[in-house]
Student: 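The structure's right below; bear with me while I get my questions together.
As a basis for the values below, the full set of heavy atoms in this structure was taken, side chains included, without hydrogen atoms, waters or symmetry mates.
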2 protein chains.
Amino acid sequence: MRKKTRENTNESAVTRLRQAGLRPTRQRNELADLLFRDGNRHLTAETLHAEAVNRGIRVSLATVYNTLHQFTHVGLLRQVMVDATRSYFDTNTVEHQHFYYEEDGTLADIPGSDIGVANVPDAPNGTKVSRVDVVVRLRRN
Amino acid sequence: MRKKTRENTNESAVTRLRQAGLRPTRQRNELADLLFRDGNRHLTAETLHAEAVNRGIRVSLATVYNTLHQFTHVGLLRQVMVDATRSYFDTNTVEHQHFYYEEDGTLADIPGSDIGVANVPDAPNGTKVSRVDVVVRLRRN
DNA sequence: CAATTACTTTAGAATTATTCTAATGTAACT
DNA sequence: AGTTACATTAGAATAATTCTAAAGTAATTG
């Protein structure tokens, strides 16, 4: 017999949320489960919402947007900018860079941590570097 | 006395358009003038439209969007992805990278051509690298 | 160089992604 | 258990961008 949702929820998700200072609500727990269950993922709000609905999780698109942004704020997710039309979120928050498949609008982590940026100039006066993003855009040949 | 608009139009704009295979229409000529008159610029469709209207150029926002995309297609402009909410276009199409001021959503070229990406991995099977974008995100400190 | 044709521009409607709002629900604290 | 502060929600609102179909203009033709 299937346990109730709450009991099903991965305890690590709850812990994760607590540590991040976010109240572990049903939807946050279940979304966190989805997000962090199978390794690194790149997804949009629409994608995650569809997936959640498919698995029978009752959650509105608005909440998915809220949750993604909250998770991003507390460092559980990272937002990746590659496409003018949609926002991607990445479950891998460790410093790493991306391949972007222009044809199908798909993202992939660049394997290994070999890639590096050389000679990054000093940040202009009064500013500091908050992040260096590298996107290697790929096209079919 | 002021010459008529057509005669005012920078001849190089017309040439530029012809070479790119774009019919040099009034709006394209005038927008090209604005875009390429003073060096490197980073602008959005809204920005350019406002500027054009300010200078008395009659052009619709739709045409500005069309024109920016056409110019981008033929390599006269380059689209820069840094902000989920707006699309920036860059009049500098030579390989170079950007500073992005997170607070005010402003873009600037990284001076010099020192910056480089090391150890870019091979493009996955069946693909080739079309471009490598680097964005150094800055925050006030 | 006037007529024809093909490509452009335009206003406004439509679409898409995202955010807002105000009512309802729920976790956490007393 | 009751209260309070924070979350969720549906749907409306907004913002950026694209579409559409009619009107305009550059280029080509005879």
Side-chain angles (χ1 to χ4, degrees), chain A residues 4-7 9 11 13-32 34 43-50 52-53 56-74 76-77 79-89 105, chain B residues 4-7 9 11 13-32 34 43-50 52-53 56-74 76-77 79-89 105:
Chain A
K4 288 223 293 294
T5 305
R6 181 53 191 277
E7 297 163 22
T9 293
E11 192 50 38
V14 176
T15 309
R16 209 187 278 259
L17 291 176
R18 278 243 157 69
Q19 285 177 344
L22 289 177
R23 193 191 271 182
T25 65
R26 176 176 63 76
Q27 324 14 26
R28 283 179 186 161
N29 292 340
E30 298 179 336
L31 290 177
L34 275 189
L43 31 76
T44 66
E46 286 288 351
T47 304
L48 179 59
H49 182 244
V53 168
I57 297 176
R58 295 192 58 257
V59 66
S60 73
L61 181 57
T63 298
V64 172
Y65 272 103
N66 288 340
T67 303
L68 287 174
H69 287 137
Q70 290 154 353
F71 282 16
T72 301
H73 262 112
V74 301
L76 256 35
L77 291 176
Q79 196 166 1
V80 183
M81 235 67 72
V82 276
D83 183 321
T85 60
R86 44 188 160 228
S87 268
Y88 287 89
F89 293 85
Chain B
K4 288 221 292 296
T5 305
R6 181 52 190 277
E7 296 164 22
T9 293
E11 191 51 38
V14 176
T15 309
R16 209 188 279 258
L17 291 176
R18 279 242 157 70
Q19 285 177 344
L22 289 177
R23 194 190 271 183
T25 65
R26 176 176 63 75
Q27 331 4 30
R28 283 179 186 162
N29 294 339
E30 299 179 337
L31 290 176
L34 276 190
L43 30 78
T44 66
E46 286 287 352
T47 305
L48 179 58
H49 182 245
V53 168
I57 297 176
R58 295 192 59 257
V59 66
S60 73
L61 181 57
T63 298
V64 172
Y65 271 105
N66 288 340
T67 303
L68 287 174
H69 286 137
Q70 290 155 354
F71 283 15
T72 301
H73 262 112
V74 300
L76 256 36
L77 292 176
Q79 196 166 1
V80 184
M81 236 67 74
V82 275
D83 183 321
T85 60
R86 42 187 161 232
S87 267
Y88 286 89
F89 293 85

Student: What is the distance, rounded to the nearest whole Å, between atom CE of Met81(A) and atom C1' of dT18(C)?
Tutor: 14 Å
Student: Hey, which sits more toward the 5' end of DNA chain C by its nearest nucleotide, Gln70(B) or Thr85(B)?
Tutor: Gln70(B)
Student: Can you see which heavy atom on Arg28(B) is nearest to which on Arg23(B), and at what distance?
Tutor: NH1-O, 2.9 Å
Student: Tell me: CD of Glu30(A) to P of dT26(C), nearest whole Å?
Tutor: 12 Å
Student: In whole angstrom, give the distance that lies between atom CG of Asn66(B) and atom P of dC19(D).
Tutor: 9 Å
Student: So does Thr25(A) get a side-chain nitrogen or oxygen closer than 4.0 Å to the phosphate oxygens (OP1/OP2) of dT8(D)?
Tutor: yes
Student: Counting side-chain heavy atoms from C-beta on, which of dC19(D), dA27(D), dT9(D) comes nearest to Ala62(B)?
Tutor: dC19(D)
Student: So which one's nearest nucleotide on DNA chain D is more toward 5', Tyr65(B) or Arg28(A)?
Tutor: Arg28(A)
Student: Any side-chain N or O of Ser87(A) under 4.0 Å from OP1/OP2 of dA17(C)?
Tutor: no
Student: Whole angstroms only, please: what is the CG-P distance between Asp83(B) and dA17(C)?
Tutor: 17 Å
Student: Can you find a side chain N or O atom of Arg18(A) that sits less than 4.0 Å from OP1 or OP2 on dA28(C)?
Tutor: yes
Student: Atom CG of Asn29(B) to atom C1' of dT25(D): distance rounded to whole Å?
Tutor: 12 Å
Student: Among dA27(D), dT10(C), dT8(D), which nucleotide has an atom closest to any side-chain atom of Gln27(A)?
Tutor: dT8(D)
Student: Which is more 5' along DNA chain D, the nucleotide nearest His69(B) or the one nearest Arg23(B)? Just name the residue.
Tutor: His69(B)
Student: Restricting to non-hydrogen atoms, name the atom on Ala45(A) and the atom on Leu61(A) that form the minimum distance, rounded to 0.1 Å.
Tutor: O-CD1, 4.1 Å
Student: Of all the heavy-atom pairs spanning Leu17(B) and Pro24(B), show the shortest one and how long it is.
Tutor: CD1-CA, 3.8 Å
Student: Would you kindly give the NE2-to-C1' distance between His49(B) and dT17(D), to the nearest whole Å?
Tutor: 14 Å
Student: Taking CG from Leu48(B) and C1' from dT17(D), how many angstroms apart are they, rounded to a whole number?
Tutor: 15 Å
Student: Using whole Å, report how far CZ of Arg58(B) lies from C1' of dA23(D).
Tutor: 13 Å
Student: If I compare all heavy atoms of Gln79(B) with all of Ala84(A), which pair ends up nearest, and what's the gap?
Tutor: NE2-CB, 4.2 Å
Student: Go through His49(A) and Tyr65(A) one step at a time and tell me if the ring-ring contact (aromatic ring centres under 6.0 Å, His included) criterion holds.
Tutor: CA-CA 9 Å; His49(A) 182 244; Tyr65(A) 272 103; 9.1 Å; no
Student: What contact category does Thr63(A) fall into here, base, sugar-phosphate, or nothing, at under 4.0 angstrom with non-hydrogen atoms?
Tutor: base
